[in-house]
Amino acid sequence: MASDKVTACCQTLIEKNLTISFAESASAGKMCYEFSTVLNSGKILIGGIVCYHSSMKEDLLHIPWGTIEQYSAESAEVTKLMAQNFYRYVGSDICVGLTGLTTPGGSESESKPVGTIFIHIIFGEKQIAKRYEFKGSPESIINQAIDVVADLILMEI
């Protein structure tokens with residue numbers, strides 16, 4: 001069941017007749033799923049893509065070769081390109097890109113620990129890019145990130 005924040009976000013999107021799509025990595029489709037569980041979500045949810053592995057980001061979302069090597073798969077730069085490139089193909093009013101580190105074994109470092117999440121949201125001509133550091137289990141990190149996305153969208157619309 002969707003959180004109260006996701007439910008409020010979806011209801012506002014429905015009221016404003018705005019559509020949404022998702023380009024996800026760390027959340028592995030959970031964000032799209034959470035939005036889909038809200039009553040009447042079919043009026044707003046266009047869909048999403050899960051590009052967890054770097055090859056999917058490059059092949060399906062056309063992240064330029066070398067970008068991931070330069071910045072890492074879990075970076076603001078890659079998240080921005082994921083959102084922008086998916087937005088071009090989907091035709092939603094809002095597109096959310098999300099990458100990050102929910103478990104060890106990625107590009108974590110002292111300056112980018114596990115729990116770091118990058119979010120990039122496109123609202124037509126306006127774009128919002130954010131970096132967060134969450135604490136907790138992988139599931140908790142993802143749930144916190146999804147609620148932040150809902151809050152950011154609500155603040156903007």
Side-chain angles (χ1 to χ4, degrees), residues 3 5-6 9-10 12-13 16 18-36 44-136 138-157:
S3 71
K5 291 180 182 188
V6 169
C9 182
C10 287
T12 302
L13 290 171
K16 295 184 177 279
L18 296 171
T19 57
I20 191 166
S21 62
F22 302 95
E24 301 182 63
S25 182
S27 50
K30 187 169 186 193
M31 190 162 37
C32 190
Y33 167 76
E34 290 294 322
F35 275 70
S36 78
I44 60 159
L45 182 60
I46 299 298
I49 188 168
V50 175
C51 289
Y52 202 82
H53 192 269
S54 295
S55 64
M56 297 271 298
K57 291 175 180 75
E58 292 169 341
D59 295 343
L60 294 178
L61 290 176
H62 306 287
I63 305 302
W65 187 86
T67 303
I68 292 172
E69 186 175 299
Q70 181 178 358
Y71 297 106
S72 87
E74 309 88 9
S75 64
E77 294 82 3
V78 169
T79 307
K80 177 181 180 179
L81 289 168
M82 286 173 58
Q84 289 175 336
N85 292 351
F86 195 56
Y87 180 72
R88 286 187 191 116
Y89 293 105
V90 176
S92 60
D93 297 306
I94 300 165
C95 184
V96 180
L98 186 146
T99 66
L101 298 155
T102 60
T103 62
S107 63
E108 73 271 7
S109 65
E110 196 171 302
S111 63
K112 187 171 62 170
V114 169
T116 303
I117 297 289
F118 297 95
I119 297 167
H120 196 92
I121 307 174
I122 301 174
F123 303 88
E125 297 298 314
K126 183 169 185 177
Q127 299 186 36
I128 296 173
K130 298 284 186 180
R131 178 188 193 271
Y132 296 93
E133 288 183 23
F134 299 112
K135 302 284 186 214
E139 185 175 7
S140 174
I141 291 166
I142 292 166
N143 289 338
Q144 291 172 74
I146 292 168
D147 278 350
V148 163
V149 166
D151 278 341
L152 289 169
I153 293 168
L154 279 169
M155 285 189 294
E156 186 60 34
I157 62 171

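For reference, positions follow the sequence shown, starting with 1.
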Engineer: A side-chain contact here means heavy atoms from C-beta on lying under 4.5 Å apart; do Leu98 and Phe22 qualify?
Structural biologist: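 The answer is no; the side chains never approach within 4.5 Å.
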Engineer: With a 4.5 Å heavy-atom cut-off, do Phe86 and Ser92 have their side chains touching?
Structural biologist: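 With C-beta onward as the side chain, the pair stays apart.
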Engineer: Is any side-chain heavy atom of Met155 closer than 4.5 Å to one of Leu152?
Structural biologist: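 The answer is yes, as the side chains (C-beta and beyond) meet within the 4.5 Å cut-off.
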Engineer: If the test is salt bridge (charged side-chain N to carboxylate O under 4.0 Å, His left out), which one of Lys130, Lys135, Arg131 qualifies with Glu133?
Structural biologist: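 For Glu133, the salt bridge (charged side-chain N to carboxylate O under 4.0 Å, His left out) check succeeds only for Arg131.
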Engineer: Side chains of Val114 and Thr102: does their closest heavy-atom pair fall under 4.5 Å?
Structural biologist: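 Not in contact.
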Engineer: I'd like to know if the side chain of Asp147 and the backbone of Lys5 have a donor-acceptor N/O pair within less than 3.5 Å.
Structural biologist: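 No, the answer is negative, given that no donor and acceptor are paired below the 3.5 Å cut-off.
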Engineer: Above 12 or not: heavy atoms from other molecules or residues under 6.0 Å from OH of Tyr89?
Structural biologist: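 No, because the 6.0 Å sphere around OH of Tyr89 holds 12 heavy atoms or fewer from other groups.
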Engineer: Decide yes or no for Ser107 and Lys112: does some side-chain heavy atom of the first lie under 4.5 Å from some side-chain heavy atom of the second?
Structural biologist: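 Ser107 reaches Lys112 side chain to side chain.
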Engineer: Is atom OH of Tyr33 surrounded by more than 12 heavy atoms (other residues, nucleotides or ligands) closer than 6.0 Å?
Structural biologist: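 No - once you tally the heavy atoms of other residues, nucleotides and ligands closer than 6.0 Å, there are 12 at most.
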Engineer: With the threshold set at 4.0 Å, does a side-chain nitrogen-carboxylate oxygen contact exist between Glu24 and Lys30?
Structural biologist: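 No, Glu24 and Lys30 are not salt-bridged.
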Engineer: Taking C-beta and beyond as the side chain, do Ile157 and Ile94 meet within less than 4.5 Å on heavy atoms?
Structural biologist: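 Contact flag for Ile157/Ile94 side chains = yes.
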Engineer: Are any of the side-chain heavy atoms of Ile44 and Cys10 separated by less than 4.5 Å?
Structural biologist: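 Sidechains of Cys10 and Ile44: in contact.
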Engineer: Any heavy-atom pair between the side chains of Ile68 and Glu58 that's under 4.5 Å?
Structural biologist: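 Yes, side chains in contact.
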Engineer: Working to the nearest 0.5 angstrom, can you tell me the gap between Ile117 CD1 and Tyr132 OH?
Structural biologist: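 Result: 11.5 Å between the selected atoms.
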